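Predicted model only: the values in this text are computed from it and were never measured.
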Amino acid sequence: MKEIKQLIEISRKYGSDSRYVIAGGGNTSYKDDKKIWVKASGHALATITEDGFAVLDRQKLNIISERKYSANAAKREEEVKEDLAVACITKDRRPSVETSMHNAIDYAFIVHLHPTVVNGLMCSKNAETETRKLFGDEAVYIPYTDPGYVLFKEVETRINDYKKKKGKHPPVVLLQNHGIFAGADTTKDIETIYRNVISKIEKKAAVKQTAKSEKICDCVQDTIPAIRMMLSRQGGLKTLKIRNNSRIGKFASSQKEFDKIAAPFTPDVIVYCKSKYVYLSAKDNEDLLMKAQKEIDSYTEKNGYTPKVLIIEGTGLVAVGDNAAGCDIILDVYEDMMKVAEIAQSFGGEHPMTQKQINFIDNWEVENYRRKVSAGSASGRVENKTIIVTGAAQGFGEGIAECLLKEGANIVVADLNETVGLATAERFLGLCKSNRTIFVKTNVSDTISLRNLIHETVCNFGGLDVFISNAGVLRAGGLEEMTPEDFEFVTKINYNAYFYCTRAASRVMKLQNKYAPESYCDIIQINSKSGLRGSKANFAYAGGKFGGIGLTQSFALELAPFRIKVNSICPGNFYEGPLWSNPENGLFKQYLHAGKVPGAKTIEDVRKFYMDQVPMRKGTGPEDVTKAALYLIEQTCETGQAIPVTGGQVMLS
């Protein structure tokens, strides 16, 4: 059906443009004489398909216009929802609560959006008079009305009055503190309407869609992980994400500037960011943490939940999410509100919602449903934990990181190989649910690079729960073949860097656990079976790994009082990975040339030699090591251990 294809095209066009849609909001529809196709709840316009539209019987839907409902708001909305369900032909899809408005406006296509520019006008003090000046009889203005049935009836009355005067329904309906409905019989005409509306507002208002990005203060490593744990005392472990730019910096510069965005302008802001926000200004880090604790405790006690938005002078906008996906939505929605506030200055200043209006949205079942659907979930054994995996661009580290990602963790891919690392992180994003992954170019042997790794982790996730020191190198060779340069290189990466990583990670973990008495963190070194027994013609590698276990035991003793567990996992051979199988410099090839396997003439001879040493007759894969890592993370009584995962090839004595 060509009309449905056109509906999908225009939905995706506007849904993928953040100037028109934030957090998957808005809805679209097409109708003929008998049926209406309207966006179903839980589907984003940007990616919608035909299955994302609920189909309703218009004759049954018209009953909502005629029926008398309960005077009790909650009961009334439940009755309307039941009538919508009766009219719905596609029973597996919940139609938008605004379906009746789509049905009432007498055009084939309806596109309802919340463009930033339009809301700059609709959320201003002079919205009504300025709308008349800009659009005259081209548009119908609707004063703020609670969403749902009451808003539908208000819209229905006003468009019918318009039709009596003009002989047709209005092509544009503008709703105070809400957005815009545009109606036409072709999608081309819809696009023309939106272009004209946006153009007229932009000519009157100073509109800046973008803001200059600002560097996030290095000090966040010393504050945000602690604040994250303050916020995690109720409702489980939180994820925090920081954004800073010239616009955010302006509103964070003083209490006076913050007051302009201290109350929500639209229902969407309440759904994703709640209705009250915390502003913090402090003279130093210690003062900030003291004030944060006081404000968060007071907020939680008063409201029954923790804040979703913090504005911190000198830091920026901090989103507090139940997961990483939620943080992204909060940042986008709240910064959009800042843009709206800027535009509103051209129309008499900002006009936030009243407390009564806020209360209705906060308690409305429909919006609670939207909030729940948007939040999503990524269930797993490490759900919502933030985990750094070094050397995760490829090979063993990539495999471990992917396994943990599927268990619900936020993953930081830390690797020196930027090209491969970025590609790996991009692939991981396709596997994410409500969790997220980022790549940070990292040299584990450089302390400045590691500080940047921790900084990026804190900026994107708010803290660090597990650090997996996996990055490693190998240069095989006996005493005559090994050069001092190769020995120093292997030792620096496999031994020294483990110390550098542990020092960098433990600082954040100590701070977190100070503010969360029940919390434990983990540092896990991916060691080797060569760390448990010597390895012929491979002493540089084995020596570093032996030393790594000594570091693990020593770090464990030092960090135990801070509830940081430090353990090593000693895998057997991952034959399928590039460390072994790379045709250019893999271990099979290195060992063949080094003469490690007596009588071996081919790489296959070397492979068979090593497999014959494994009682379980299998190599050790990333999934095997991940199971050991999950055990270490979940338990609270193992530290300083070196756990062999070798298929029985090497056993503890």
Measure the spacing between [atom1] of [X] and [atom2] of [Y] and express it to the nearest 0.5 Å.
X	Y	atom1	atom2	result
Thr386	Leu464	OG1	CG	7.5 Å
Asn496	Cys501	CG	SG	11.0 Å
Ile569	Ile643	CD1	CD1	6.0 Å
Leu280	Asp287	CG	CG	10.0 Å
Leu592	Phe609	CG	CZ	12.5 Å
His455	Cys219	NE2	SG	9.0 Å

Pairs meeting criterion ring pair (Phe, Tyr, Trp, His ring centres under 6.0 Å) with involvement of residues 457-516, two or more places apart:
Tyr498-Phe555
How about [X] and [Y]: do any of their side-chain heavy atoms sit closer than 4.5 Å?
X	Y	value
Thr223	Leu289	yes
Ile388	Val466	no
Ile564	Tyr520	no
Asp332	Arg243	yes
Leu474	Asn538	yes
Ile438	Val413	no
Leu450	Ile454	no
Tyr279	Glu295	no

Under the side chain to side chain contact (heavy atoms under 4.5 Å, CB included) criterion, do Met229 and Ser519 qualify, and how do the steps go?
CA-CA 9 Å; Met229 303 318 286; Ser519 175; 4.0 Å; yes
Has [X] got a side-chain atom pairing as donor or acceptor with [Y]'s backbone, closer than 3.5 angstrom?
X	Y	answer
Ser528	Cys570	no
Ser246	Lys212	yes
Asn513	Lys510	no
Glu398	Ala392	no
Arg475	Thr483	no
Asn417	Val420	yes
Gln641	Thr639	yes
Asn410	Arg436	yes
Asn452	Thr442	no
Gln234	Gly304	yes

Assess whether side chain to side chain contact (heavy atoms under 4.5 Å, CB included) is satisfied between Gln512 and Cys521, documenting all intermediate values.
CA-CA 9 Å; Gln512 282 188 175; Cys521 293; 3.7 Å; yes
Trp580 and Tyr610 aromatic ring geometry - parallel, tilted or perpendicular at 30°/60° bounds:
perpendicular
Using distance alone, with no hydrogens and no angle criterion, decide if [X] and [Y] have a side-chain donor and acceptor under 3.5 Å apart.
X	Y	result
Glu584	Asn582	no
Ser568	Thr552	yes
Thr390	Asp415	no

Under-4.0 Å salt bridge between [X] and [Y]:
X	Y	result
Asp322	Lys238	yes
Asp612	Arg607	no
Arg228	Asp465	yes
Arg427	Glu402	yes

List the steps, then state whether side chain to side chain donor-acceptor pair (under 3.5 Å) holds for Asn384 with Thr239.
CA-CA 7 Å; Asn384 215 31; Thr239 298; 2.7 Å; yes
Going by the salt bridge (charged side-chain N to carboxylate O under 4.0 Å, His left out) test, which pairs reach into [range], not counting sequence neighbours?
range	value
residues 565-575	Asp522-Lys565
residues 478-490	none
residues 623-643	Arg381-Glu634, Lys618-Asp624

Checking side-chain contact (heavy atoms from CB on, under 4.5 Å) between Ser449 and each of Val440, Asn443, Val444, which is the one that passes?
Asn443
Apply the side-chain contact (heavy atoms from CB on, under 4.5 Å) test between Val412 and each candidate in Leu453, Ile387, Val389; give the one that qualifies.
Leu453
Can you see which heavy atom on [X] is nearest to which on [Y], and at what distance?
X	Y	answer
Ile242	Val458	CD1-O, 4.3 Å
Gly477	Met482	O-CE, 4.0 Å
Gly463	Thr457	O-CG2, 3.4 Å
Thr626	Cys403	OG1-CB, 3.4 Å
Asn470	Gly397	ND2-CA, 3.3 Å
Asp297	Arg233	OD1-NH1, 4.5 Å

Run the ring-ring contact (aromatic ring centres under 6.0 Å, His included) test against Phe439 and tell me which residues pass, sequence neighbours left out.
none
Among residues at least two apart in sequence or on other chains, which ones pass side-chain contact (heavy atoms from CB on, under 4.5 Å) with Thr646?
Lys529, Pro644, Gln649, Val650
Go through the steps for Ile311 and Tyr277 under the test side chain to side chain contact (heavy atoms under 4.5 Å, CB included), then give the verdict.
CA-CA 8 Å; Ile311 303 287; Tyr277 322 109; 5.6 Å; no
Set out, in order, the CA-CA distance, both residues' side-chain angles and the distance that settles side chain to side chain contact (heavy atoms under 4.5 Å, CB included) for Gln553 and Val566, then state yes or no.
CA-CA 7 Å; Gln553 293 181 357; Val566 187; over 6 Å; no
Could you tell me if the ring centre of Phe251 sits under 6.0 Å from that of Phe258?
no
Within 45 degrees of the ring normal and closer than 6.0 Å to the centroid, is that where the cationic atom of Lys274 sits relative to Tyr305?
yes
